[in-house]
Enquirer: 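To start, I am sharing the structure in question, which I have written as structure tokens.
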Amino acid sequence: MPKPIPIGTRGTAEETVAFEHTLTARHPDLPPVYSTPDMIRLMEIAAFHALHPYMEGDEITVGTAINIEHRAASGIGAKVRADATLESFDGRFYTVRVIALDDTQEIGRGTVSRAVVSVGKFMEKIKGKKQ
């Protein structure tokens, strides 16, 4: 069981938009702007960074739900930062408020939910599912 995590705990993650983060990288007919899946990935990393210092032993947090709005486009070369703030804990799931900003504006917002798992137990469970 992790140490208690104070509501309001924060984490961040940053990256510079590169070609591999764009819609064009997924399909040549799409514009070269930051993709929603990449923005959500960065938000999830920020949420992980917020919670991880409170984990013990082989514990980590894993994503369980997302509710995100992608509100503005960012092009190649833009610096994007995701900020995460722990909003609540219901006894099993942590709800983290996330926001993504580029050099000039907010580009996305919403919440992600995460749960604590033991890496060892998790991997044993996965091994049992292989056929």
Side-chain angles (χ1 to χ4, degrees):
M1 190 68 188
K3 297 180 274 187
I5 304 174
I7 300 301
T9 294
R10 296 175 174 269
T12 62
E14 298 178 348
E15 70 186 358
T16 299
V17 178
F19 177 78
E20 65 263 17
H21 305 129
T22 66
L23 295 174
T24 309
R26 283 140 181 93
H27 192 282
D29 293 339
L30 296 174
V33 296
Y34 197 47
S35 75
T36 301
D38 281 290
M39 182 187 73
I40 292 170
R41 175 188 47 78
L42 194 67
M43 291 169 156
E44 287 277 17
I45 291 169
F48 175 87
H49 287 168
L51 303 177
H52 190 68
Y54 297 90
M55 300 299 107
E56 296 186 336
D58 74 341
E59 294 173 334
I60 61 168
T61 60
V62 295
T64 60
I66 57 173
N67 181 11
I68 301 296
E69 296 176 29
H70 196 162
R71 304 169 63 86
S74 299
I76 293 173
K79 290 178 178 40
V80 177
R81 183 183 84 237
D83 295 325
T85 305
L86 179 59
E87 193 170 78
S88 65
F89 177 61
D90 71 4
R92 181 160 182 218
F93 298 102
Y94 295 91
T95 299
V96 182
R97 171 106 5 230
V98 290
I99 185 170
L101 307 117
D102 67 12
D103 304 312
T104 62
Q105 63 189 333
E106 176 185 305
I107 63 168
R109 67 169 55 196
T111 59
V112 297
S113 296
R114 299 187 69 80
V116 175
V117 299
S118 156
V119 172
K121 290 178 184 175
F122 184 77
M123 294 310 294
E124 285 300 315
K125 193 174 184 180
I126 297 300
K127 285 181 190 175
K129 292 184 178 184
K130 289 185 178 177
Q131 295 179 359

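Side chains are part of it too, since the values below use all heavy atoms of this structure and drop only hydrogens, waters and symmetry mates.
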Enquirer: Decide yes or no for Y54 and T9: does some side-chain heavy atom of the first lie under 4.5 Å from some side-chain heavy atom of the second?
Expert: yes
Enquirer: Quick check: is I66 connected to F89 through a chain of hydrophobic side chains (ILVMFWY, heavy atoms under 4.5 Å apart)?
Expert: yes
Enquirer: Does a salt bridge link R81 with D83, judged by any charged N lying under 4.0 Å from a carboxylate O?
Expert: yes
Enquirer: Measuring from atom OG1 of T36 to atom CG of L23, what distance do you get when rounded to the nearest 0.5 angstrom?
Expert: 7.0 Å
Enquirer: Distance from I76 atom CD1 to E20 atom CD, nearest 0.5 Å?
Expert: 9.0 Å
Enquirer: Under 4.5 Å between any side-chain heavy atoms of V117 and K121, yes or no?
Expert: no
Enquirer: Should the pair H70 and Y34 be assigned to parallel (<30°), tilted (30 to 60°) or perpendicular (>60°) ring geometry?
Expert: perpendicular
Enquirer: In Å and rounded to the nearest 0.5 Å, what is the OG1 to CD1 distance from T12 to I99?
Expert: 13.0 Å
Enquirer: How many angstroms lie between atom CG of L51 and atom CD1 of I5, to the nearest 0.5 angstrom?
Expert: 4.5 Å
Enquirer: Which atoms form the tightest heavy-atom contact between T111 and V98, and what is the distance?
Expert: N-CG2, 4.1 Å
Enquirer: Starting at CG of L30, measure out to NE2 of H27 and round the result to the nearest 0.5 Å.
Expert: 6.5 Å
Enquirer: Quick test of your reading of the model: are E14 and K79 salt-bridged, counting only N-O distances below 4.0 Å?
Expert: no
Enquirer: Are M39 and L101 connected in a single hydrophobic cluster, I mean Ile/Leu/Val/Met/Phe/Trp/Tyr linked by side-chain heavy atoms less than 4.5 Å apart?
Expert: no
Enquirer: So, do V112 and I68 sit near enough that their side-chain heavy atoms are less than 4.5 Å apart?
Expert: yes
Enquirer: Would a hydrophobic clustering, with Ile, Leu, Val, Met, Phe, Trp and Tyr connected at side-chain separations under 4.5 Å, put V62 with M123?
Expert: yes
Enquirer: Answer yes if the side chains of R97 and T85 hold a donor-acceptor pair under 3.5 Å, and no otherwise.
Expert: no
Enquirer: Test salt bridge (charged side-chain N to carboxylate O under 4.0 Å, His left out) on R41 and E15; report intermediate values, then the result.
Expert: CA-CA 11 Å; R41 175 188 47 78; E15 70 186 358; 2.9 Å; yes
Enquirer: Taking all non-hydrogen atoms of both residues, which atom of A115 and which atom of T64 are closest, and how far apart?
Expert: CB-CG2, 3.8 Å
Enquirer: Heavy atoms only: give me the nearest A47-V96 pair and the separation to one decimal.
Expert: CB-CG1, 3.9 Å
Enquirer: Has the side chain of T24 got a donor or acceptor atom that lies under 3.5 Å from a matching backbone atom of P31?
Expert: yes
Enquirer: If you count the non-hydrogen atoms of other residues, nucleotides and ligands that lie under 6.0 Å from CZ in R26, is the total more than 12?
Expert: yes
Enquirer: So do T16 and V80 actually touch side chain to side chain, heavy atoms under 4.5 Å?
Expert: no
Enquirer: How close do I107 and S74 get, counting heavy atoms only, and between which atoms?
Expert: CG2-OG, 3.4 Å
Enquirer: Specify the closest pair of heavy atoms between Q105 and A73, including all atoms of both residues, with the distance to one decimal.
Expert: NE2-O, 3.7 Å
Enquirer: May I ask you to decide if S113's main-chain N or O and T95's side chain share a donor-acceptor pair within less than 3.5 Å?
Expert: no
Enquirer: Say you draw a straight line from CG of N67 to CD1 of I40; how long is it, rounded to the nearest 0.5 Å?
Expert: 9.5 Å
Enquirer: State plainly whether one hydrophobic cluster holds both F122 and F93, where clusters connect Ile, Leu, Val, Met, Phe, Trp and Tyr through side-chain heavy atoms under 4.5 angstrom apart.
Expert: no
Enquirer: Will you find, in the side chains of S118 and D58, an N or O donor that is under 3.5 Å from an N or O acceptor?
Expert: yes
Enquirer: Got a donor-acceptor contact below 3.5 angstrom from the H52 side chain to the H49 backbone?
Expert: no
Enquirer: Run the salt-bridge test on E44 and R114 with the 4.0 Å N-O cut-off and return the result as yes or no.
Expert: yes
Enquirer: Answer with yes or no whether the hydrophobic clustering places L86 together with L42; edges join I, L, V, M, F, W, Y residues whose side-chain heavy atoms lie under 4.5 Å apart.
Expert: yes
Enquirer: Of all the heavy-atom pairs spanning A84 and A50, show the shortest one and how long it is.
Expert: O-CB, 4.4 Å
